[in-house]
Amino acid sequence: MTVFACNNLTKSYNDKILFEKIAFGMEEGDRVGIIGKNGAGKTTLMKIIAGLETADEGDVVLNSNVRMEYLDQMPTFDADEIVIDYVMKSNQELFELIEEHNSLCAHPESDLNQHKRDRLHFTANKIDLLDGWNFENSAKAILNKLGINNINDNVNTLSGGQKKRVSLAKALLSKPDLLILDEPTNHLDADSVQWLQDYLQNSSTSLLFVTHDRYFLDAVSTRIVEIDRMKIFNYPGNYEKYLEYKEAFERSQQSTVQHNLSQLRSELAWLMKGAKARRTKQKSRIDWIDELKKMSVKTKEKKIEIELGKVFLGNRVIEAHYISKQLSNKQLFKDFTYIAKPKDRIGIIGPNGCGKSTFLRVLMGDLKPDDGRVDIGGTIKIGYFQQDFEQLSDSATPLSALREIAEYIDVGVGRDRYITTRELLDRFLFPRYQQNNFVSTLSGGERRRLALLRVFMANPNVLFLDEPTNDFDIQTLNALENYLDDFYGVLIIVSHDRAFLDRTVNFIWSFENNGSIKEYPGNYSYYLEQKEKQGKTPTINEEKSKYKKEKSEKPKVKLSFKEQREYDEITELIPKYEEEYKQIELKIMKGEVDYKEIKKLSHNLSEIKEKIDNLTLRWLELEESISN
């Protein structure tokens with residue numbers, strides 16, 4: 001069954017043609033992901049299909065038997081009602097029947113006249129026919145999975161992110177024939193994204209959606225539609241298949257720039273490697289990647305030495321000692337200690353509302369902890385990109401907005417030591433003509449991208465990024481990941497984007513229950529592999545606490561004599577270093593030493609922490625050999 005068909009659609013905005021005479025449609029059961037650069041018209045196209053906007057030319061023919069739900073990026077609420085009622089009104093008839101039945105049941109049967117008894121009997125039978133007795137429980141379950149527990153709150157008192165999740169719950173509960181979702185993973189934590197991904201994969205509902213989450217796009221979509229150069233291109237299969245088709249197409253074109261081709265191959269290879277934790281690859285697929293690498297042509301490009309964030313980083317960066325914080329009698333985190341060192345790349349995950357953003361603000365010195373202290377080095381320059389980015393003047397241009405901060409970034413030595421404002425805009429996909437246009441002409445994603453560049457233009461040596469991937473297209477994410485590859489300083493990221501974390505960090509801090517922050521080595525995929533393998537994710541401390549007990553129980557036959565000796569030595573060394581680390585920290589906290597001694601002890605702490613990290617990673621490698 002055809003769900004809808006678009007015929008010769010043309011749409012322009014502010015004299016810019018978004019797409020011209022495009023045509024495509026959907027069949028029942030299709031799950032179509034729309035991709036394209038920010039400002040290409042993805043959201044506009046979905047709104048035209050949903051009937052919320054009109055095309056300049058062409059039309060959309062929607063099957064009259066199809067019931068449709070559309071989820072906006074930032075939904076608005078006209079109703080002044082509680083959350084659970086708003087969500088249950090996804091089925092107005094059933095909601096009214098349940099409300100009437102509950103009202104009638106609230107009275108003793110002796111108080112009901114014959115008419116009310118008849119209505120009670122009628123509503124009960126009708127709810128039976130509609131299979132509606134579990135409707136309210138289903139609504140509560142979906143809200144819970146999306147991180148909404150305050151189901152009796154007024155919808156208009158919720159934050160923007162909470163409103164988005166409540167609207168998503170209503171759209172899912174309505175079980176439409178066609179579901180149109182604009183950035184559904186924004187404002188969801190990683191567990192909620194995974195739940196939504198599994199839910200949609202198992203649903204028979206036809207789906208049209210836009211997302212920047214590449215793992216989500218890859219797992220959910222059965223077809224990719226790309227808006228590019230005002231045209232539309234269809235690719236069967238998921239995001240991985242799209243990359244294959246795109247690479248083959250680009251390779252077949254004589255005029256293809258080699259750099260673009262290499263970038264595409266790199267993205268495809270990365271996706272397949274990074275998604276290893278999500279599903280097992282067939283041997284043929286792995287062989288294909290090896291062949292893809294062989295086909296790559298090495299080009300002699302000028303090597304630019306870039307060390308962003310290295311200038312004046314110094315030995316003392318950020319030191320947080322036993323910090324704790326409560327808000328509204330809720331313990332967000334407690335007794336957390338962190339000594340930053342150059343090239344730390346840390347991803348922070350946890351449920352919505354657990355305190356991740358507050359934690360960043362405490363680390364950067366913007367908020368005081370309830371207990372403990374945070375010391376920031378005198379040469380440290382923090383760049384902070386927050387979820388609610390700064391508002392840019394509509395009369396400014398991207399070029400002038402960056403030049404308000406600086407004319408260039410000093411990134412290294414020699415002829416190639418500077419990145420100018422124009423070059424940074426080039427890197428982040430602002431074409432030269434757009435650099436001099438007014439900010440008012442930019443899309444929401446483009447404005448957010450420009451706000452991020454203002455943070456970079458200040459050339460910080462410590463970067464705190466709070467949900468940096470929201471509203472970014474895939475091309476922008478690639479540019480951001482490449483930029484962060486060159487970043488030498490300390491990088492701490494709060495994100496629900498699993499693919500982005502896989503690509504950028506090598507350590508995970510997870511907010512657990514009761515204000516505990518647990519540390520895990522590796523990227524997000526490694527975190528998930530351990531979780532899936534063992535049913536729960538083992539932390540470093542939990543693993544190390546099992547040394548002595550497991551040492552006598554573990555068979556050592558797979559370790560060589562040299563490896564066994566190394567394993568035993570590490571088992572003894574780590575607790576010693578941990579005790580030494582603890583004693584130095586206590587000495588500093590008691591304030592029994594002068595500044596020069598504190599500086600020396602802080603340096604010792606950094607060295608000991610590095611030894612513990614290296615030994616722990618090696619211990620985990622040996623432990624893996626024993627258990628395999």
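What's counted below: heavy atoms across the whole structure, side chains too, no hydrogens, waters or symmetry copies.
The backbone N or O of Asn478 lies less than 3.5 Å from a partner atom in the side chain of Asn482, making a donor-acceptor pair. A donor-acceptor pair under 3.5 Å is absent between the side-chain atoms of Arg316 and the main chain of Thr379, judged by distance alone. Between the side chain of Arg448 and the main chain of Gln387, a donor-acceptor pair closer than 3.5 Å is present. With hydrogens and angles ignored, the 3.5 Å screen pairs a side-chain donor or acceptor of Ser324 with a backbone N or O of Asp335. With hydrogens and angles disregarded, no donor-acceptor distance shorter than 3.5 Å links the side chain of Asp466 to the backbone of Phe385. Between the side chain of Asp502 and the main chain of Tyr524, a donor-acceptor pair closer than 3.5 Å is present. Between the side chain of Thr476 and the main chain of Phe472, no donor-acceptor pair closer than 3.5 Å is present.
The salt bridge (charged side-chain N to carboxylate O under 4.0 Å, His left out) check on Asp344 picks up Lys341, with sequence neighbours excluded. Remark: Asp366 engages Arg361 in a side chain to side chain donor-acceptor pair (under 3.5 Å) (not counting sequence neighbours). Under the ring pair (Phe, Tyr, Trp, His ring centres under 6.0 Å) criterion, Phe438 pairs with no residue at all, not counting sequence neighbours. For Ser510, the side chain to side chain donor-acceptor pair (under 3.5 Å) partners at least two apart in sequence or on another chain are Glu512. Applying the side chain to side chain donor-acceptor pair (under 3.5 Å) test to Asn156 and every residue at least two apart in sequence or in another chain returns nothing.
Between Glu481 and Arg214 there is a salt bridge, since at least one side-chain N of the basic residue sits less than 4.0 Å from a carboxylate O of the acidic one. The residues Lys576 and Glu572 are annotated as not salt-bridged, no charged nitrogen and carboxylate oxygen being separated by less than 4.0 angstrom. A salt bridge is absent between Glu319 and Arg373; no separation between the charged side-chain nitrogens and carboxylate oxygens falls under 4.0 Å.
Residues Leu158 and Val166 are in side-chain contact: their nearest non-hydrogen atoms beyond the backbone lie under 4.5 Å apart.
For Arg345 and Phe507, the positive end is not near the middle of the six-membered ring at less than 6.0 Å and at most 45° from its axis.
Taking OH from Tyr527 and OH from Tyr520, the interatomic distance works out to 5.5 Å, rounded to the nearest 0.5 Å.
For residues 144-168, no residue pair satisfies the salt bridge (Lys or Arg N to Asp or Glu O under 4.0 Å) rule, not counting sequence neighbours.
Paired with Pro184 under the rule side-chain contact (heavy atoms from CB on, under 4.5 Å), one option of Val210, Leu196, Leu200 passes, and it is Leu196. Gln435 pairs in a side chain to side chain donor-acceptor pair (under 3.5 Å) with only one of the listed residues (Asp426, Thr421, Thr397), which is Asp426. Across Asp497, Asn523, Asp485, a single residue satisfies side chain to side chain donor-acceptor pair (under 3.5 Å) together with Arg503, and that is Asp485. Tested against Arg447, the residues Asn38, Asp394, Asp471 include a single side chain to side chain donor-acceptor pair (under 3.5 Å) partner, Asp394.
Using a 30° and 60° split on the angle between ring planes, Tyr483 and Phe456 fall in the parallel class, below 30°.
Heavy atoms from other residues, nucleotides or ligands lying under 6.0 Å from OH of Tyr384 number more than 12.
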Glu446 and Gln434: CA distance, side-chain angles, deciding distance, side chain to side chain donor-acceptor pair (under 3.5 Å) verdict: CA-CA 11 Å; Glu446 289 168 334; Gln434 196 177 39; 3.2 Å; yes

Asp473/Lys37 under salt bridge (charged side-chain N to carboxylate O under 4.0 Å, His left out): CA gap, chis, key distance, verdict: CA-CA 6 Å; Asp473 55 47; Lys37 296 178 182 178; over 6 Å; no

Stepwise side chain to side chain donor-acceptor pair (under 3.5 Å) test for Thr469 and His212: CA-CA 8 Å; Thr469 66; His212 67 272; 3.2 Å; yes

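Closest of all the heavy-atom pairs between Pro468 and Val494 is CD-O, 3.5 Å.
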